[in-house]
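Here's the structure, in structure tokens; my notes come after.
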Amino acid sequence: RMGEKEIEWSDSLTATLVSAAEGGQLRSDDGRFVMNFAPGDLHRSMLLTVARCGGDSVTGYLVAPEGQPVAGRPVISILPDPGMRTPVVTAAWPIKKYADMKLPHSAGARVGRYLGMYTLVDDTDGPKALLQISPRSREPVRISVTDSVSGVDWNSIVARIDQAIVPLVYDERRNLLVLPYDVFKDSGRGEFSFSVRDKAGNETVVRRKL
């Protein structure tokens, strides 16, 4: 069957043939890495290889041909290292969203765009939040939020002036959260606090005097 047959080369390189029409599965020799392809995830049927990289300090797997574009979003699962609290699969190429875990006790991600290096990391840090305070501006508070691992949980955001929750406006063009001036002028000049979590549950809290 396509996606299951292994081909042995004279230099001992092992490749797996994955069908564009039927999909298939790529599995590492140690069994910790599994990449599942649905029908249509590849532009054409391909011979794929996977190799453990990074030594003992990093759990990473390189899928080749590296940089090859894919049509869909294959699902990857990697069994985590002992002691990892919030394992997350990351890739060198952009990942749009994460999927639920696909194997028991594994970290999973639905990745796309290109084949390449996939690494398991322990996501223990919250998002990065950068606040700019300009009380005399039409935008008294501007906030930039990023998280390059599990991603920002935008539904977790809470902004307060003293104890009162205040609304923020998202500027898509600049990728900023903004506290409108009309809200600022009616809410006093106390302490501004901002909290946000990533999709692994790590929280960041920032407080500034206005």
D30 and S28: side chain donor to acceptor below 3.5 Å: yes
Min side-chain heavy-atom separation D147-V145 under 4.5 Å: no
Close side-chain approach of D198 and D153, heavy atoms under 4.5 Å: no
Exercise: do T86 and D123 side chains pair donor with acceptor under 3.5 Å: no
For P180, all residues meeting side chain to side chain contact (heavy atoms under 4.5 Å, CB included), sequence neighbours excluded: V169, V183
Flag side-chain contact, heavy atom, 4.5 Å: I143 against F194: yes
Those residues that, when tested against R197, pass salt bridge (charged side-chain N to carboxylate O under 4.0 Å, His left out) (two or more places apart): none
Pairs satisfying ring pair (Phe, Tyr, Trp, His ring centres under 6.0 Å), at least one member in residues 140-181, at least two apart: none
Listed partners of S193 passing side-chain hydrogen bond (donor to acceptor under 3.5 Å, both in side chains), at least two apart: none
Test item: V75 and F37 side chains (from C-beta on) under 4.5 Å apart, heavy atoms: no
4.5 Å side-chain heavy-atom contact, R142 and L176: yes
Connected-component partners of V158 among ILVMFWY, side-chain separation under 4.5 Å: I165
Heavy-atom check, side chain of Q68 versus side chain of R44, under 4.5 Å: yes
Pairs satisfying salt bridge (Lys or Arg N to Asp or Glu O under 4.0 Å), at least one member in residues 170-182, at least two apart: E139-R174, D171-R174, D182-K185
Within-4.5 Å side-chain heavy-atom neighbours: Y61 and T119: no
